[in-house]
Every structure is written in structure tokens, then in C-alpha cells.
Protein chains: 2
Amino acid sequence: MSASQAPHDADALDSDGKGAMRMGVLPTLVGRQLRIAYLRTFKDFSMEVEGTSLSPGSFEILELLSCNPGLSHSRLASAIGLEKSSLVPAIVRLEEMALVKRKQSATDKRSNELRITPKGERVLAQLRSYVVQRETEITAGMTRAEVDTLNRLLTRMAGING
Amino acid sequence: MSASQAPHDADALDSDGKGAMRMGVLPTLVGRQLRIAYLRTFKDFSMEVEGTSLSPGSFEILELLSCNPGLSHSRLASAIGLEKSSLVPAIVRLEEMALVKRKQSATDKRSNELRITPKGERVLAQLRSYVVQRETEITAGMTRAEVDTLNRLLTRMAGING
DNA sequence: TATTGTTATACTCTATAACTATA
DNA sequence: TATAGTTATAGAGTATAACAATA
């Protein structure tokens, strides 16, 4: 049984524009469903902390620094999959908020060791609760097995571990 | 069996930065796997046609216009989930490429009827083949049943049909 | 020579607000 | 008053290229 070779949609567009929309092949395309799911899920998902809002990307940075204290700028960038230059604005902002601090490496003076601060850890705990809540929302109506399947297939699709 | 309560990753980060990266809760988060899958899948996916490149969004516009001739600017925008103003640059570009044409509605002079041109249909056919190829790539290693499951869960997650 | 972090710059995508013509 | 399309503008996110300091 295919995802949908037959149209999902019912009626043609009326000339006055009030009919249902024909979607063509679009609903059959996994890539397109992925794109829409991503855009709808992350639209308007900013987490309010300390009077400003932090993005999913900042959450990821804080989580990685919490698990990997002393991580260098370069290694953090490659872990997240960004160019090193693209990470700078986010790091600068987190340092301004006193959630992260930079310290020149003793063994390689070119390199900075990035560490999350105690305040950063407190904020991270709060962000985790937002993230868990969002997880609950976006998987509403799915069984635990379905969530695991979805996670596994997305992981494979992105080649995250391969 | 959970997606991963135990860490996916093996070793701590060495002080010299050569160890494996600890990922914390990140690999367990469906939202995060979705984000990464989307970003990796669509990064560098531009389709070369007529000497320029067209985005997945432009493919979607052409597909919808092919299925719904005479669609208005506003209805197209809401079908795609964008603000009407956000659609303008894409439409202008498609019209410059002679893939789409606009015609003032006879019944409501404020409104434009958008139609794909014969050239647009030819380009659309080419885009479809690119898209199908990309579908094959991103679902490589999945069974047909897995692809269908993934599509169904993504669709439910985005609330696309609900 | 190569690498680390940084800056300058630009591009893509999208949003808000204001405008015009029309309803 | 309200709506359709457009314009101007701005913001987020990311990339490339070039630079200084260091390896």
C-alpha cells in the first residue's frame, strides 16, 4: 500500500476559488512532508528565558557544552554542522547573557575552551522542560512505539549516525 | 524500548578534543532529529533548470498551479502556508522565467489568476524527476513500508491533514 | 603552510506594516 | 470598511572570503 498514489484531495478548485485544493504529487513526497513538518513544528518555537528568547540552536549549544565542557569553537561548530563563522553570533549572545564563558586554551593559544556557566546550567534545565513539553505536543496521538519508529527513521534518513 | 534513554554516544570528550562527542538528551528528541533531517536533506538541494536554480518552494508553486489553474495569489499563499507578501518574490521570478503568467481576474479586478505556462509544464516535468530522484536518495535503505510509515507519521505530526 | 577564531559581507527566506486599487 | 496584490523594510540564519595570531 503506497503512501498515496491516488490523490489525497477531493475536488477541483472552483472558478470562484472556494473549492478544495488539488495537491498533485505533493502529499506523496516524504521530503515535502519533512519540510512542512519541520517548518510548522519550529515556527513560533522560541523559548523565553531571562527576558529574551533562545532558539533550538542555542539549546543545542548549551546541551553540548554541558556534556562536553571545554569544547573548542571549531569542534562545537562541526558537531552542530555549521561553519565556524556561523556559530560566532550565537556564542557571543550566550556569553553576553552570561550562560557561556570562553577561556583561551593553555595548550593551544589559538583555541578557546567553551564552558557553560552555573547560570547557563540553570537556564538549560529550564530549556529542557520547554523542549520536553514541545516533544509531547508534536508527538500527541502517537504511541511510544510510533515515536520511536519516527525517531529511528528520521535518524537514518539524515545519516546522523551513518 | 525507548528511542534512546541510554546515550547513543560512547566516550567522553578528551581534554585534547579528540574524543567522541557526548550528545546528552539530543538524540532522543524527535523535534531535533526532524530539524537535522530537514536541514541535511534540503541543504544543497537546488534544481538547475534553464540556467538558474529553482528551490523546493518553486517546485511546490508550479505543482499547485498545474493542478489548480487560475489560483489566486492569496489562495496560493495560504495553501503553501506563507504570508501573501512572502510569495511575491518567488512569483515574480517564475514570471520572469516565463514559467508562470498572471492575468487580472474578470470578476474581481483586484485579483490575479495565476497559470503555469507550457514552458512551465515542461520545467515542472523536469523538476518532478529531480524530486523523485531526491526521494530515492533520502529513503535509501528503507523498505516501502517504512517510507509509508515515515510519511504518515510526519503528516500526522505536522497536522497537515488535521 | 595550516589552523583557530573572528570580522565583513552577502544571500535566502520570511514577516510586518503601509500603500493602491478595487470591492 | 475590507480585501488583493504590492512595496519597503527588517530580522534570523547561514555562507564565503579574508584577516591576525598561533601552530
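Chain naming here is simple, since letters A, B, ... match the order of the sequence lines and numbering starts at 1 in each.
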How is [X] classified with respect to the nucleic acid when contacts are heavy atoms under 4.0 Å: base, sugar-phosphate, or nothing?
{"X": "B:Ser86", "answer": "base"}
{"X": "B:Arg93", "answer": "nothing"}
{"X": "A:Lys84", "answer": "base"}

Between [X] ([atom1]) and [N] ([atom2]), how many Å, whole number?
{"X": "A:Asn112", "N": "C:dT3", "atom1": "CG", "atom2": "P", "answer": "18 Å"}
{"X": "B:Ile61", "N": "C:dC13", "atom1": "CD1", "atom2": "P", "answer": "10 Å"}
{"X": "B:Glu83", "N": "D:dA10", "atom1": "CD", "atom2": "C1'", "answer": "15 Å"}
{"X": "A:Leu39", "N": "C:dA15", "atom1": "CG", "atom2": "C1'", "answer": "14 Å"}
{"X": "B:Leu76", "N": "C:dT14", "atom1": "CG", "atom2": "P", "answer": "12 Å"}
{"X": "A:Glu95", "N": "C:dG5", "atom1": "CD", "atom2": "P", "answer": "13 Å"}
{"X": "A:Ile91", "N": "D:dG13", "atom1": "CD1", "atom2": "P", "answer": "14 Å"}
{"X": "A:Leu82", "N": "D:dG13", "atom1": "CG", "atom2": "P", "answer": "11 Å"}

With the threshold set at 4.0 Å, does a side-chain nitrogen-carboxylate oxygen contact exist between [X] and [Y]?
{"X": "A:Glu146", "Y": "B:Arg152", "value": "yes"}
{"X": "A:Glu113", "Y": "A:Arg115", "value": "yes"}
{"X": "B:Arg93", "Y": "B:Glu96", "value": "no"}
{"X": "A:Arg102", "Y": "A:Glu95", "value": "yes"}

Respond yes when some side-chain nitrogen or oxygen of [X] is under 4.0 Å from OP1 or OP2 of [N], and no when none is.
{"X": "B:Ser111", "N": "D:dG5", "result": "yes"}
{"X": "A:Lys43", "N": "C:dA15", "result": "yes"}
{"X": "B:Ser74", "N": "D:dG5", "result": "yes"}
{"X": "A:Arg102", "N": "C:dT6", "result": "yes"}

Out of [options], which has the shortest distance to the side chain of [X]?
{"X": "A:Asp108", "options": "C:dT6, C:dG5, D:dT22", "value": "D:dT22"}
{"X": "B:Pro89", "options": "C:dT6, D:dG5, C:dT14", "value": "C:dT14"}
{"X": "A:Arg110", "options": "C:dA2, C:dT7, D:dT14", "value": "C:dA2"}

Verdict with supporting geometry, B:Glu63 and B:Arg128, side chain to side chain contact (heavy atoms under 4.5 Å, CB included): CA-CA 9 Å; B:Glu63 178 76 5; B:Arg128 282 203 197 95; 3.0 Å; yes

Side-chain donor/acceptor of A:Ser85 to base of D:dT14, under 3.5 Å: no

